[in-house]
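All remarks here apply to the structure that follows.
By convention in this document, chain letters (A, B, ...) are assigned in the order of the sequence lines, proteins followed by strands, and residues within each chain are numbered from 1. FYI, side chains are in, hydrogens and waters are out, and symmetry mates aren't considered; it's all heavy atoms of this structure.
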Protein chains: 2
Amino acid sequence: MLGVWRLQLLREISRRGSIKAAAEAMSISPSAVSQQLSILEREAGVQLLEKTGRRVRLTDAAQLLVRHADTITGAIAAAEADLASMQQLVTGTLRVAAFPTAARAILPDVMTALSRQHPALRVTLRDLEAAESLTALQMDEIDLAIVDEYDEPARVSDGGLEFCEFMRDPLYLALSPEESSMPGAAVRLSDFRDAFWIMDTEDSHLGQVTLRACRSSGFEPHVRSNCKDFSVIIALVEAGLGVGMLPGLAIHDRPVRASIHPTDPPLARRIASVIRPERHSHPMIVSALAELERFGAAYAPPRLLG
Amino acid sequence: MLGVWRLQLLREISRRGSIKAAAEAMSISPSAVSQQLSILEREAGVQLLEKTGRRVRLTDAAQLLVRHADTITGAIAAAEADLASMQQLVTGTLRVAAFPTAARAILPDVMTALSRQHPALRVTLRDLEAAESLTALQMDEIDLAIVDEYDEPARVSDGGLEFCEFMRDPLYLALSPEESSMPGAAVRLSDFRDAFWIMDTEDSHLGQVTLRACRSSGFEPHVRSNCKDFSVIIALVEAGLGVGMLPGLAIHDRPVRASIHPTDPPLARRIASVIRPERHSHPMIVSALAELERFGAAYAPPRLLG
DNA sequence: TCCGTGAGCAAGCTGAACTTGATATGCGTA
DNA sequence: TACGCATATCAAGTTCAGCTTGCTCACGGA
C-alpha cells in the first residue's frame, strides 16, 4: 500500500518546488526525502520525479498523487479535529498571521482573551500582508489568517480556503485640526478636490480604493506623498501637509490630533478570518473565531476627536 | 499525527469484533494489535476500547474514528486505483466470489479470457451465496462479487457498494421428456397446478420466487421435494417425478434430457457484479467487469432440447 | 574555470513495530 | 467450586523502516 508519510513528502515537494525545501519544511535531511521518494516510486510503479537542471519536476502521475495526498491528509486532519472537538479540548499551538494593523489593534485583545479562557492554548502571531498570509495558510505554516479586503464582496471560499468576514472597518478622511469646521461630521470627497493628498502606496489596496473613490467623485487627487505606514500619514496630516484616508483600526484606541471624518458615501474595508476547511470544527479554531466575532461586534468606530 | 496503520487496525477490530480476529485478518499477533491500540489511545487522547467480558467494545470516540478511518482508507485505495488506471496496468490478484451456479457456468470462461488478455493478472475464485459475498466484499476479503437477485429492481448502491447488472438469466420450467408436447414452447404455470413440484429449498430465493409465481397463477403447488442442488432437481425431473423451475445458467452448456420451457409470463433473475466504489476505475476491475459484460451479451438462452 | 548548490548513493544508527512467552481475567462446564 | 479454555495485556528481545552523516555527481552562475 502507498505510504502516507511518503505521499506527504511528495506533497511538500510539490508545494515548495525542491527536495531541499521540502526536507526543511518537514525538518528531516534532504537525503531522507530523496530516499523516501525513490521508495514511493517503487510503490507506485511510476516515475514521479524528473530532473530539470539541478532541481526536480513532478511528472503527471506525481501531480495526480499530490491531489490524492491532499484529500488523504485532509481526511486525517478532519479526524483529528473531530476528535478534539468531541473532547472539547482547546490545546495545542494556534499559529495566527494578521496584516500589521490588525496585528496591532485586534490581536492583543483576542490573544489575551484566548489565553485567559484556555490556559493550555499557545498562540503565536506573525504579521503578514493578506496575500502572504493566504499562501502561508496553504503551506500549512499558519492555522488562521486575518486579512483585509477592499474590493469585491466576501469570498466564501477561495483556493480551498474558508473565509469569514467578522467585522467591517470604516475608512475615514483625516484632516488637520485647523482645517476642520465640524469635527466628526461626514464629508464629501469632492470638497477636497483642491487639497493635497497623503496616500498609501499606490500598489496598496487602500491606495487603490482612495484613488478610485476620488475619481468617482469626479477629480484626480493631487498626491503629495505616498507612505506605507499609517502613523506617517497621520503625522503628515497633523502637520497640515494634506488630507488622507485612514482605516478606523489605524486610529483605534490611539488618540490623534488630526480631525477624523466619515465619508459620504461611506467607505469601508472588510476584515475576515481565513482557515483551512478541514479545521473548521477544531475547538482551537472555533474559539479563536468566536473571539474574533466578539471583537468585531464590540468594535466601535474610533472616537472622533475634533 | 494519528497513525494510519493504527487507524486501520481499529477499523478491523470494529469490523471483526475482537482483537484476535483483527490480528488474524491483518496477519500479525494479537499482542501487536493490542499494543498499537494503546498507542492510538495516547495519540487520540481518548479511551477507545473498553473491556466487555473477555472481549473489547469500541467507545463512541472509537466509532467516530472508525468512520474517519474508512474515508482515509478509501482515499488511499482511490489513489492506488487512479495510479493503476493511469498506467493501464492489469496486475495483481483479483479475488472473486460468485454464487455456485455462476462459479461453474460463468467464471471459467471469464477467468480464462482474463488471464489470456492479462498474463500478469492472478484471479482467485470462491463460491459464496450472494449475501455472504457482499459481507466478504465489505470485509475487503474479495474484490468482486457476482450475485443473483430475484426480487426488486437492481440496486445502484447498497451499503456503500456498487452494483452493476450485467445479464439476466431466464427461469425455465423443466418437464420430463414424456410429459412435453411442444419442446421449447412457452408454458403457463397454471397448466401444472396438478403436477408434483420439485422445488429449491424454501429459504432460497428461487424457491420463494417459484412459490410466489405459482400462487399468483392461482394455485398452491404440490411440493414433492425440496433440494438445494440444481443437478438433483434435474435428475428428479428427468426421472418423471415432477416438474421444476431452473435458471438458465444451471442448464447452460450441459445437455439435459428434461424438456426445458420458458414460462408465460417470462420469469428471470438478474445477475450483477458488485465492487467497492473506490476501485471503480482500477484496471483490474475495469477489465473484469468488461469481460462479464461481454459474457452477459453473448449469453444465449440455453439450447432448448425437446 | 571554479565554486556553490541541489540531488542521490552508501554505510551505519535509532527507534517503531513485531514476536514470543508469561500473566490476568472472564466464561462455560464437569 | 474448581477446572480449562479463550481473550486481552504485559515484558523482553528482535527486526527492519527510516533517519543521519559523509560522500559523489551534475548543473549553472560568477
Between A:Asp148 and A:His205, does any side-chain donor sit less than 3.5 Å from a side-chain acceptor?
no
Whole-Å distance, B:Lys20 NZ to C:dC27 C1', equals 16 Å
Within this structure, what is the CZ-to-C1' distance between B:Arg55 and D:dC5, rounded to whole angstrom?
14 Å
Can you list, pair by pair, the side-chain donor-acceptor contacts under 3.5 Å of residues 23-30 of chain A, counting residues two or more places apart and other chains?
from	atom 1	to	atom 2	distance (Å)
A:Glu24	OE2	A:Lys20	NZ	3.0
A:Ser29	OG	A:Ala32	N	3.2

Please give, in whole Å, the distance from D:dT7 P to B:Arg16 CZ?
15 Å
Please state how far atom CG in B:Leu37 lies from atom P in C:dC18, giving the value in whole angstrom units.
11 Å
Mind checking if B:Ser38 touches a base, just sugar-phosphate, or nothing, with heavy atoms under 4.0 Å?
nothing
Summarise protein proximity over nucleotides 18-30 of chain D in one line of letters, 5' to 3': B for base, S for sugar-phosphate only, - for none, counting protein heavy atoms closer than 4.0 Å.
SBBB-----BS--
If a pair satisfies salt bridge (Lys or Arg N to Asp or Glu O under 4.0 Å) and one of its residues is in residues 85-103 of chain A, list it, with sequence neighbours excluded.
A:Arg95-A:Asp140, A:Arg95-A:Asp143
Give the rounded distance in Å between these two atoms: CG of A:Leu49 and P of C:dC9.
12 Å
Rounded to whole angstrom units, what separation is found between the CD atom of A:Glu41 and the P atom of C:dC9?
10 Å
Length of the CD-P vector between B:Glu43 and C:dA16, whole Å
11 Å
